[in-house]
Amino acid sequence: MKTALVNAFRATFGRAPEIIARAPGRIEFIGNHTDYNGGTVLGAAIDRGVWVALAKRADGQRRFASDQREGVVALSSDGLARQAGAQSWVNYPLGVLAALPVFSLRVPAGFDYFAMSDLPTGAGLSSSAAIELASGLVFLAATHQTPSRETLVNVGQYAENHFVGVPCGILDQGVSGFGRRDHLVQIDCRGPRFSTVPLPAGAHCWIFNTHTKHALVDGLYAARHGECMLAAKTLGVVLLVEATPATVLAAEHTLAPAPFKRARHVVEEISRVEQAGAALRAGDLATVGTLLTASHRSSQALFENSTAELDFLVDHLVATPPVWGARLTGGGFGGAVMALTSGDFGDTQAKAVAAAYEKKFGAWPDVLPVETGDGAALVAV
Ligand code: GLA
């Protein structure tokens, strides 16, 4: 990747980059929509991500290019206007530039910038957090600043919440920032506090990307966020993490039906995350798998962010013996399913599931065995 990035940078800007950074994509292992409710979540950084190369310019111009889009977007460093249409990808680095002063950090003036990705798009593997963190690292290095990993993660989330406009929690940026090979990142989203849990030997993760996306996915995410906040307010707490499965069940007739179901999913999911952490530490992958599948069933019935495509994949995967569990990963309403399997699950089993999916839905899902990887970092040029 690095050689390809340097070559693309040279071909686009006619000179070599001065700074390079890489940030990984992530899988959400368990903890669906728990993050912005103050709960806990487990995720893993993967060995694919976004690379960004940068060289400073003296004339104040900011020029952005990417291997995912044609052309160069040239902007002056005077303003930070949101971009639309084919240029809207630039809102990720622009959002980071807008966020830096909020954290009392300096902003680089002019530069040439090239982003390159080996993350499959639309798979729910969080290419947006990856580009935010890689951008943050190169902008900070260009201005000789070395803030903590927490700050980098917070800058990325701030960019997503306030510039891109998605009210996401800390999961994506936190896992991209704190990822560690052969480990899961555990985030206690109050704080937030980050730690890692070893992924037991013999555990394998696979992604099945349906390439489907609900037309209203961004609006639906915000709607779920709103229902959770409404449920918390009715329950007399700031965030749902302060409620328990018992207090939510006792409020069944106080809460409207939708906020009740969302709240029940969140508090029970938080408890599943705790149980999954304990089972991982004990190396009990069968229990972890059961919890993953229970998480999916709860998304299906209570949070209502699954789809027929995702349910079909989960049903087929859990009926395949070397699979311990399977669930939708990420926001939902389309996207991907992840499966936790033993080493006996391979291409043959994966292709059988994909073929059944194709027969039903007329399209082949992308199948991706996932390797865990390290978190965001600068790379020697
Ligand atoms: C998306 C968001 C995360 C998290 C998940 C659902 O990936 O970006 O913050 O809320 O959905 O768990």
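Predicted, not measured: the structure shown is a model, and the values here were computed from it. One-based numbering along the sequence shown. Both ligands and their constituent atoms are indexed starting at 1 by order of listing.
- Listed by number with element, the atoms of ligand 1 under 4.0 Å from a non-hydrogen atom of Tyr36 are 10 (O).
- Ligand 1 has no atom lying under 4.0 Å from any heavy atom of Gly332.
- Just one of Arg264, Glu269, Arg272 meets the side-chain hydrogen bond (donor to acceptor under 3.5 Å, both in side chains) condition when paired with Ser298; it is Arg272.
- Close approach of ligand 1 to Tyr221 is summarised as follows: ligand atoms under 4.0 Å from at least one heavy atom of the residue are 1 (C), 2 (C), 3 (C), 4 (C), 9 (O), 10 (O), 11 (O).
- Ring centroid separation for the pair Trp364 and Tyr357 does not come in under the 6.0 Å cut-off.
- Closest to atom 8 (O) of ligand 1 among all protein heavy atoms lies Asp172 OD2, 2.6 Å.
- If you look at His225 and Tyr36, their ring centroids are closer than 6.0 Å.
- Within the 4.5 Å cutoff, no side-chain heavy atoms of Thr254 are placed close to those of Phe260.
- Between Ile20 and the options Val52, Val6, Leu378, Val138, a side chain to side chain contact (heavy atoms under 4.5 Å, CB included) holds for only Val6.
- Considering backbone and side-chain N/O of Gly331, one or more are found under 3.5 Å from N/O of ligand 1.
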Phe9 vs Phe114, ring-ring contact (aromatic ring centres under 6.0 Å, His included): CA-CA, chis, key distance, verdict = CA-CA 6 Å; Phe9 192 98; Phe114 198 101; 7.1 Å; no
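- Counting atoms of ligand 1 from 1 in the listed order, those under 4.0 Å from a heavy atom of Gly169 are 9 (O).
- By the 3.5 Å distance cut-off applied to N or O atoms, Gly330 is not counted among the residues near ligand 1.
- For the pair Leu125 and Arg48, the minimum side-chain heavy-atom distance is 4.5 Å or more.
- The nearest non-hydrogen atom to atom 9 (O) of ligand 1, considering only Asp35, Leu171, Ile30, comes from Asp35.
- If you number the atoms of ligand 1 from 1 as listed, the ones under 4.0 Å from a heavy atom of Gly31 come out as 12 (O).
- Note: an N/O pair closer than 3.5 Å links His33 and ligand 1 by distance alone.
- Looking only at side-chain heavy atoms (C-beta outward), Leu94 and Phe64 come within less than 4.5 Å of each other.
- Only the side chain of Glu28 comes within 4.0 Å of ligand 1, counting heavy atoms alone; its backbone N, CA, C and O stay farther away.
- Considering backbone and side-chain atoms together, Arg26 places an N or O closer than 3.5 Å to an N or O of ligand 1.
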